[in-house]
Amino acid sequence: MPAAAPALRYRIAVADLNAHLYEVTLSIDRPAADQVVSLPVWIPGSYLVREFARNLEGAPKAAQGRRNVAVTQRDKASWRIAAKAGQPLVVRYVVCAFDNSVRTAWLDRFRGFFNGTSVCLRVEGQDDAPCHIEIVPPALPEGDAPWELATALRPVKTDRRGFGTYQAADYDEVADSPVEMGAFWSAEFDVLGVPHRFVVAGAPPSFDGDKLIADTRAICETQMRFWHKDDPGLPPLPAGEKPVEGPASSAKAKRSPKARATARHPAPHDRYVFMLNATDDGYGGLEHRHSTALICTRRDLPRRGAAKQPEGYTTLLGLISHEYFHTWNVKRLRPAEFARYDYTRENYTRLLWFFEGFTSYYDDLLLRRAGCIDDATYLKLLNKTINQVQQTPGGAVQSVADASFDAWIRYYRPDEQTPNMTVSYYTKGALVALCLDLTLRREGKGSLDEVMRRLWRESEGGPIDEAAIAAALESVGGRAYVSELGRWANGTAELPLRELLAVHGVAVHDDPAQLAQALGLRVDESGVTVKVKMVLRGSAAEKAGFAAGDEWLAVEAATRSAKAAEGWRIGKLDDIALNLGDAKKCVALVARDRRLLRMTLTLPGSGSARTWRLGTADAKGIREWLTGA
């Protein structure tokens, strides 16, 4: 069927590269009388009110025909236009784009990027109206490489570099379709018949694009087969080809044109675009229905000819896996509260532990199943997550469901007291998923994989609530799991990690903790002194009187002798043992607001604080879990 005629048209052009300005023209065919327009205050997937309207340079200007129309600001993010009903209205405004993250907008002479929530005004009352978005190629300095454009929006009329007009079904699709522009690296590949594209801005000459595409394709295919394992529309593996297992090879990065043409697939998306911005220092991602925006450091990209890839490359693959899993889990299967977004205020849910936490569980697990990492690497990643949660006192204060609800004021606005007051719904949610998965497997009735697929089928890829999660667990496991959900997700009970891991062949070793952890400190040791960033609740450091912001200058041996104690300057925590040996106590000399303080600190003994180290006890037990058998 032909697309509906657009009622709203956006024209986005570069006003000034050096000033980082986009010029936007919004044409409204059938405005209401006194039409209200607004910019969203948040972007779905990032739960913080970010006030995108603060990036408008001046107020919007409006006209109907040759008549200028008055524009009055109503509040921080909306304007009332004194328009006549039914007469075409044109609104013009300028947006400053200088936030090099995945959440807002960016523009300089090397790269352009934007989300619709940052540059496209909402026309109130017309959220469901079809839209056209025209993106104009910029005039670049002489000698600069020409720009291309990448987006998951459907093209209407574009040039060979991707500039031109695109269509969106409604404002939600405008808000959910970021645009990347620049002289980027680009590659196309298909996954079980679904076309994919990967673009990388800022890639260095050493970048191995073939490696990135091969691994990404393995991740995507593994996830498609995970979600649609029992669907008759899932294309079978080609004759002689085994399920993805072991390192992906670039030779498998593409299927033949015939395979692409004949493949049928049950996936909810018919196209997908990865947009990766490689910078000197940055990390993160934001999911969308048909795309994702990613950021990583250039040092984390795969390198041609390298005998061993950078450790950060595994982290990057985990990010790719995480955002792609969101294609199903949060963009379609989503909290009931997100059935329709409200762009004017916070949208609350208590289920981010499921939608972000379970995604965090599966991102690394599916890396293992895709063959991108081995068992030892997976256990190392899981070990890191476990230790992060166990070293967060806030987990005993706030449930992960409450942390989900409070994301707007806690997770995205951390301070020095955050680890004492809350817990991450990403990491703790991942461990809740782990415990449910291993419990189901131990009881022999199924696995969390089957729960996820059942939720997908029964909701038809739509909104769900906690009752639906509980029902799916019961349907697969043959009993109610309300008690576990109450204790693990809605309560603060300790998770039975050690017991469940042991049943599945994982050995848990208790190692001595690092001194910072044993003292209950998070510090910065990059300068000439030790700077205290956080003091954990109930710790030896808190009992001694340390506070965030302190500068730890020196230590003295604590002694009852009348003889003056010998003092030592410290630049790192390791200097304490070097200078005091096996002393049980010391006097810490600390500067706070330029005032010198002396604090008596009890030093931890060799067994006073422990940290977990996971290892293999039963290779068969681990393999059945990690491969999804």
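Counting begins at 1 with the first residue of the sequence. We use all heavy atoms of the structure for the numbers below, so side chains are in, but hydrogens, waters and symmetry mates are not. As the structure is a computational prediction, the values presented were derived from the model and not from experiment.
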Would you say the side chains of S321 and Q223 form a donor-acceptor pair under 3.5 Å?
-> yes
Rounding to 0.5 Å, atoms CD1 (I28) and CD (Q35) come to a distance of 5.0 Å
Hey, are R340 and D172 close enough for a salt bridge, meaning a charged N less than 4.0 Å from a carboxylate O?
-> yes
Can you tell me how far the CZ atom of R217 sits from the CG atom of L192, to the nearest 0.5 Å?
-> 7.0 Å
Salt-bridge test for K384 and D364: reply yes if a basic N is under 4.0 Å from a carboxylate O, no otherwise.
-> no
Test item: side-chain donor near acceptor, Q398 and T422, under 3.5 Å | yes
Charged N to carboxylate O under 4.0 angstrom, D99 versus R50?
-> no
Under-4.0 Å salt bridge between R441 and D449 = yes
Just by distance, with hydrogens left out, do H290 and E173 show a side-chain donor and acceptor under 3.5 Å apart?
-> no
Please work out which of the three classes, parallel, tilted or perpendicular, describes the rings of F338 and Y341, given edges at 30° and 60°.
-> tilted
The side chain to side chain contact (heavy atoms under 4.5 Å, CB included) partner of R368 among L379, L626, T222 is L626
Should the ring pair H269 and W328 be called parallel, tilted or perpendicular, given that the plane angle runs from 0 to 90° and is split at 30 and 60?
-> perpendicular
Verify whether one side chain among D342 and T344 offers a donor that lies under 3.5 Å from an acceptor in the other.
-> yes
Would S447 and D437 count as having a side-chain donor-acceptor pair, cut-off 3.5 Å?
-> no
Using 4.0 Å as the upper bound for N to carboxylate O, is an ion pair formed by R479 and E484?
-> yes
Does a donor on one side chain sit under 3.5 Å from an acceptor on the other, for D127 and Y343?
-> no
If you measure only the distance, is there a donor-acceptor pair under 3.5 Å linking the side chains of D402 and S399?
-> yes
Are R9 and E134 within salt-bridge range, i.e. N to O under 4.0 Å?
-> no
Would T627 and R369 count as having a side-chain donor-acceptor pair, cut-off 3.5 Å?
-> no
Here the gap from H322 atom NE2 to L367 atom CG, rounded to the nearest 0.5 Å, amounts to 12.0 Å
Looking at L497, L448, L440, which hits side chain to side chain contact (heavy atoms under 4.5 Å, CB included) with C435?
-> L497
Identify whether the distance between the nearest side-chain nitrogen and carboxylate oxygen of R154 and D270 falls below 4.0 Å.
-> yes
Do R454 and S475 have side-chain N/O donor and acceptor atoms under 3.5 Å apart?
-> yes
